[in-house]
Structures are given as structure tokens and as C-alpha cells.
Amino acid sequence: MKTLRLVLGDQLNQQHSWFNKVDDNAVYLMAEMRQETDYVKHHIQKVTAFFLAMRSFKDDLEGKGHRFIYLDIGNDRNPQKLEELIHQTLEDIGAEKFEYQLPDEYRLDVQLKAICAALPVPTAAVDTEHFYTQREELAQFFKGKKQLVMESFYRMMRKKHDIMMVNGQPDGGKWNYDQSNRKKWKGNPGIPQEKGFKKEVGSLLAEIRTAGATTFGHIDEDQFSWPTSRADCLSVLDHFCQELLVHFGDYQDAMHTRQKYLFHSRLSFAMNSKILSPKEVIDKVLEHYYAHTEHIAISQVEGFVRQILGWREYMRGIYWKEMPGYAHLNKLENHHPLPDFFWTGNTKMNCLKHAIGQSLTDAYAHHIQRLMVIGNYALLTQVDPDQVDAWYLGVYIDAIEWVEITNTRGMSQFADGGIVATKPYVSSANYINKMGNYCSGCAYKHTQKVGEDACPFNALYWNFLDAKKEHFKDNNRMAMMMNLLHKKDKAELQELKERAQDIMENPDRF
Ligand code: FAD
Ligand code: SF4
């Protein structure tokens with residue numbers, strides 16, 4: 001039976017059983033669609049990376065004998081919409097069956113179910129064979145529990161998949177080395193030269209522009225440096241194991257004006273597009289670690305495994321448990337607009353200038369920049385989570401809704417009221433100064449709370465606690481912060497609140 005099989009742009013898993021052997025009856029369909037470039041405004045590097053990765057995937061598999069129909073964004077026959085694309089291709093090739101891999105986005109899941117319901121041929125959906133968990137596994141694991149806890153999910157995953165376990169106990173005797181993952185980077189140890197690529201992407205950019213897709217952000221036409229083929233991604237993984245893993249855990253939370261990537265792997269695009277599987281990443285990292293235990297401490301490795309086996313799978317499980325309602329949650333009732341400087345990086349606040357500036361030039365910021373600088377500021381200034389989400393979904397190379405929204409709306413903005421995080425991730429300048437060197441080059445003084453030179457984060461922090469105190473009155477994890485708030489001198493608090501009001505009303509002046 002001639003079968004049409006759809007492959008979406010984030011389903012680039014060459015190890016999928018569909019491709020185990022060449023099936024003469026199967027035709028694979030891929031298209032670069034305006035539907036996907038336009039559902040939110042995207043960074044140009046993100047669109048470029050996905051299209052390059054899709055083309056490379058198709059070339060690799062065509063080279064092995066699989067048959068593809070691939071429509072570039074500029075192709076005249078590209079309807080730019082999924083429904084028309086499937087109908088048109090089914091008719092063109094006279095397929096008698098339609099198959100697709102389960103999408104990871106709710107939006108596409110709904111759309112594909114609706115399309116299939118109206119097709120004149122039998123249809124089937126198969127797993128992507130990418131994640132460790134099934135969509136519903138987290139919901140099953142926490143069934144009947146009031147609070148979801150990442151740590152218990154993570155321990156279950158370690159045991160179930162026998163990862164870093166010795167005789168049923170965690171290797172090294174501890175499950176979690178989070179406490180040792182908090183060093184500030186002060187120039188040492190040296191950071192190996194980044195594994196970048198210098199791809200020429202001028203002609204693809206011209207195709208994207210001619211097709212009319214609206215994007216933002218910076219791109220170097222002849223120095224595109226993200227890994228987009230399977231070979232590139234494997235070499236970045238190898239570079240991480242050889243050069244970066246040894247210090248990954250120590251400096252996981254560090255920030256520095258001259259080092260954008262520090263010891264981070266930059267593997268999120270490779271995994272989220274499914275070019276690499278989380279299992280092969282973890283297996284490779286552990287293989288390297290166990291061969292070099294005399295040089296690499298377990299805390300460096302456990303920190304990395306926890307992000308992928310723990311957080312990444314956890315966020316996906318929460319997404320499928322909570323969608324579609326999750327996308328509309330705004331439990332803290334925040335309604336301010338996103339400041340203009342999120343689109344330019346033009347602000348006197350040095351931490352934001354660097355973290356946002358880097359996001360716009362590189363489509364990348366690491367976790368703590370996303371959480372404790374940009375997200376912290378958005379939450380303290382009470383920005384509408386819809387606008388925060390749209391920005392994060394557009395700007396980062398690795399942003400796909402299942403992992404973006406749970407991190408942004410959940411972990412960072414606490415708009416879910418505590419499903420992902422048990423308390424909001426907010427801080428004054430103190431934390432930013434502790435973890436990086438932004439404050440030393442800033443127009444503001446991180447130790448000062450009020451006055452023109454005072455760091456805006458300080459006034460915003462106390463104002464936020466005061467403004468949202470009703471929301472936190474029953475939250476045990478906020479009790480200490482609330483106690484400090486209640487003990488604050490009334491006149492000082494009033495002064496902080498007035499300054500915070502000024503910052504929130506005039507964000508682009510600060
Ligand atoms: P590394 O620091 O090298 O970590 C290794 C891998 O662990 C990452 O590649 C990623 O796959 C995984 N990982 C680490 N933290 C998380 C996490 N919290 N959730 C899920 N996976 C994690 N990650 C995305 O992949 N897409 C997003 O859209 C995204 N949006 C985020 C938004 C906010 C507000 C925050 C706080 C975090 C977000 N993250 C997102 C998580 C994390 O910041 C990125 O995965 C990481 O910065 C990617 O860089 P890296 O590959 O160098 O990561
Ligand atoms: Fe950011 Fe405040 Fe430090 Fe400036 S002083 S870098 S605004 S935390």
C-alpha cells in the first residue's frame with residue numbers, strides 16, 4: 001500500500017524505525033512552511049537553522065535510498081499550510097495511506113488530528129522514538145499527588161533507566177550535586193575555543209526574505225555557526241565531552257560579560273530538532289566520564305544528566321499533562337507590556353544589556369541568563385506572561401513550545417501558580433552580582449537600594465513581594481522573604497515602591 005509519511009521540522013530523527021530499511025511503498029513529505037515561520041515572530045537564526053537541518057536530514061536519507069518530496073519555502077507548489085500540503089501530496093502521488101509522527105506541540109497535534117479526520121484514506125500516528133518517556137508518563141507517575149516534584153521524577157528516571165546507579169544506589173552516594181554547581185567564573189579555568197561552524201547561508205536567507213517571512217535578530221551570512229547536520233551535532237557532542245564536561249557543573253550558573261557560553265554544551269537545538277536523541281547524548285557523556293574518572297568529578301556529570309534526564313523530560317510531561325489550559329495561565333495577574341529594549345538590548349542595566357543583546361545576536365542565552373536576569377526582570381516588572389512567552393518562543397534557537405512555555409510561563413514567570421516551581425525565581429541585584437561580573441561594569445550600584453544610582457532590581461524586588469503578598473501568604477517556601485518584607489521600615493518600603501513604579505512605567509529610561 002503506497003504510504004505518505006509526514007516529517008515535521010523538529011522530527012529529524014534519522015534513527016527512527018521508519019528509516020531502518022528502504023520501503024519502496026513509502027514517500028516522505030517535508031516542507032518549509034510559512035505556517036511554521038509565522039505563528040510567532042522568530043529570530044532569523046532559528047528559521048535558518050531549522051531549514052538547514054531539514055535539508056540536511058533529507059539529503060542524508062535520500063542518500064540511503066529513501067524517497068522524499070521536499071518543498072523549499074520558495075517552491076511555487078508549496079501551499080505554506082499543512083492541510084493543503086497533505087491533501088495536495090496525497091493526490092499527486094495517489095497514496096492510499098497517511099502516517100505521521102506524534103508532534104510535540106499541542107497546536108500541531110490538534111491540527112493533525114483534524115486533518116486526518118477529513119482525509120479519504122486510512123491514517124496512523126506513530127511515536128517519534130526520541131524521548132525517554134511517553135507523553136502521559138509523568139501524569140501517571142504523579143497521579144493522586146498534590147504537588148509535582150522534579151527531584152522524585154528524576155530519581156525514578158535514574159532507577160528506571162539504570163543511569164549512574166550502582167547496586168540500586170546513586171553512583172557516588174548522592175542523587176544531586178546541585179550545591180556544588182554554583183561557582184562564579186573569574187577568568188579561570190580557561191574556556192576552550194568554541195566549536196563553531198562557518199556556514200555560508202546567503203542564498204537561504206534570500207529565499208526566506210523573498211517568501212516574505214518576517215523575522216528579527218542578527219545573522220552573519222557567511223559565518224552561521226549552529227550545528228545543523230547530524231555530523232555537526234555529533235562533533236559538538238564530542239567537543240562537549242572532550243573539552244567542556246570537566247567544568248560543566250561547577251560553572252553551570254555563572255555569568256560573564258566576555259563569555260557567552262562558558263562550559264555549556266549548546267546541544268539544545270540538536271536535541272529539540274531530534275537530530276540527537278537524549279539517550280545518545282547521555283550515553284556518550286557517561287562513556288566519556290567513566291573512562292576519565294580520574295580527571296572528571298561526578299558533580300560535573302550528574303549536573304548535566306539531571307538537566308536532560310530530569311528537567312527536559314519533566315517539562316515535556318508537564319506540558320502534556322497541563323495543555324491546553326497552561327498556555328493561558330496568569331496566576332499572578334501580571335499585565336504590563338514587554339519593554340521595547342527586549343527587541344534592541346538598549347538599556348543601561350548591564351546584565352540585561354548583555355543577556356538580551358546576546359539573545360538577539362546569537363539566538364542563545366544560557367539557563368541562568370534566561371531565568372535570573374531576563375525572566376527575573378520580566379516577573380519583577382509584572383509583564384504579561386503572553387508577551388514574555390512570545391518573546392522567548394521567538395528569540396531562542398531551541399525554543400519549541402513544549403519546553404519553552406513550561407520554562408517561561410512556569411519556572412520563570414510563576415504564572416502557573418506553582419506547578420513547575422514551588423516558589424518564584426526572583427532576586428535583587430545580590431544574586432546577579434554573586435554569579436557574574438555584570439554589576440562591576442554597570443551604570444547602577446548593586447548595593448544601593450534607593451536613589452538615582454540604585455540598581456533597579458532592588459526596588460523592583462521589594463515592590464514585587466509587596467504587590468503579590470496575597471498570592472504568597474500560604475506558600476511556606478516564601479515565608480522567610482515575607483517575614484523580611486513585613487519587618488521592613490514602612491518609609492523605606494514606600495520609597496522602594498515609588499522607584500519601582502517609576503521603573504515599571506518608564507522601563508526604557510533605565
Ligand atoms: P546546557 O546548559 O549545556 O544543558 C544541557 C541540556 O540540558 C540542554 O541542551 C537542554 O536540553 C537540557 N536542559 C537544561 N535545562 C533545561 C530545562 N530547564 N528544561 C529543559 N531542558 C533543559 N530550553 C530549551 O530547550 N528550549 C527553550 O525554549 C527553553 N526556554 C527556556 C526559557 C526559560 C525562561 C528558562 C529559564 C529556560 C529555558 N530553557 C529552554 C532551558 C535552558 O535554558 C536551555 O535548555 C539551555 O540554556 C540550552 O543551552 P545548552 O544546550 O547550552 O544547555
Ligand atoms: Fe544588573 Fe543591577 Fe547589577 Fe546593573 S547593578 S548589572 S542592573 S543587577
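Computed from a prediction, not measured in an experiment: that's the story for all the values here.
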Q. Are E313 and T133 linked by a side-chain donor-acceptor pair shorter than 3.5 Å?
A. yes
Q | salt bridge (charged side-chain N to carboxylate O under 4.0 Å, His left out): pairs with one or both residues in residues 415-425, sequence neighbours excluded | A | none
Q | Inter- and intrachain pairs under ring pair (Phe, Tyr, Trp, His ring centres under 6.0 Å), touching residues 68-91, at least two apart | A | Y28-F68
Q. Would you say the side chains of N272 and R312 form a donor-acceptor pair under 3.5 Å?
A. yes
Q. Is there a donor-acceptor contact under 3.5 Å linking the side chains of T228 and K199?
A. yes
Q | Y39 and L393: CA distance, side-chain angles, deciding distance, side chain to side chain contact (heavy atoms under 4.5 Å, CB included) verdict | A | CA-CA 10 Å; Y39 69 87; L393 189 56; 3.9 Å; yes
Q.
Applying side-chain contact (heavy atoms from CB on, under 4.5 Å), can you list everything that pairs with Q45, at least two apart in sequence or on another chain?
A. H43, I219, F224, W226, A363, I397
Q: Please identify each residue that fulfils side-chain contact (heavy atoms from CB on, under 4.5 Å) with A270, with sequence neighbours left out.
A: C233, L267, L276
Q) F98 ring centre to R5 NZ or CZ under 6.0 Å, with the angle to the axis within 45°? A) no
**Q.** Pairing residues for K159 by the side chain to side chain donor-acceptor pair (under 3.5 Å) criterion, not counting sequence neighbours
**A.** none
**Q.** Short side-chain to backbone donor-acceptor contact, N78 and E32, under 3.5 Å
**A.** yes
Would you list the atom pairs, donor with acceptor, under 3.5 Å between side chains in residues 336-344 and any protein atom, with sequence neighbours excluded?
{"unit_1": "H336", "atom_1": "ND1", "unit_2": "T381", "atom_2": "O", "d": "2.8"}
{"unit_1": "T344", "atom_1": "OG1", "unit_2": "N346", "atom_2": "N", "d": "3.0"}

(Q) Students often mix this up, so state it plainly: with edges at 30° and 60°, are the rings of Y392 and Y396 parallel, tilted or perpendicular? (A) tilted
Q: Name all pairs fulfilling the side chain to side chain donor-acceptor pair (under 3.5 Å) condition that reach into residues 58-68, sequence neighbours left out, sorted by first residue then second.
A: Q14-D60
Q.
Using modelled atom types and a 3.5 Å cut-off, is there a donor and acceptor pairing between side-chain atoms of Q101 and backbone atoms of L6?
A. no
Q: Could you pull out all residues at least two apart from Q369 that satisfy side chain to side chain donor-acceptor pair (under 3.5 Å)?
A: Q358, Y438
Q: Please collect all side chain to side chain donor-acceptor pair (under 3.5 Å) contacts where either partner lies in residues 200-214, sequence neighbours excluded, each pair once.
A: R55-E207
Q | Step-by-step side chain to side chain contact (heavy atoms under 4.5 Å, CB included) determination, T408 to R370 | A | CA-CA 9 Å; T408 303; R370 296 187 203 195; over 6 Å; no
Q. Between K81 and E83, does at least one N-O distance fall below 4.0 Å, as a salt bridge requires?
A. no
Q. Regarding S229 and D232, is there a side-chain donor-to-acceptor distance under 3.5 Å anywhere?
A. yes
Q. Are the side chain of Q140 and the backbone N or O of E137 linked by a donor-acceptor pair below 3.5 Å?
A. no
Q: List for me each residue that meets side chain to side chain donor-acceptor pair (under 3.5 Å) alongside S268, sequence neighbours excluded, and say none if there are none.
A: D398
Q. Considering only heavy atoms from C-beta outward, does the side chain of H288 approach that of L245 to under 4.5 Å?
A. yes
Q. Between K145 and F142, is NZ or CZ placed under 6.0 angstrom from the six-membered ring centre and within 45° of the ring axis?
A. no
Q. Would a distance-only check, ignoring hydrogens and angles, find a side-chain to backbone donor-acceptor pair under 3.5 Å from N176 to D178?
A. yes
Q. Does H239 have any ring pair (Phe, Tyr, Trp, His ring centres under 6.0 Å) partners at least two apart in sequence or in another chain, and if so, which?
A. none
Q.
Tell me whether the rings of F248 and H264 are parallel (<30°), tilted (30 to 60°) or perpendicular (>60°).
A. perpendicular
Q.
Under the rule for side chain to side chain donor-acceptor pair (under 3.5 Å), what residues qualify as partners of R409, not counting sequence neighbours?
A. D386, D389
Q: Could you check L29 against L85 for side chain to side chain contact (heavy atoms under 4.5 Å, CB included), going step by step and ending with a plain yes or no?
A: CA-CA 9 Å; L29 171 63; L85 175 77; 3.8 Å; yes
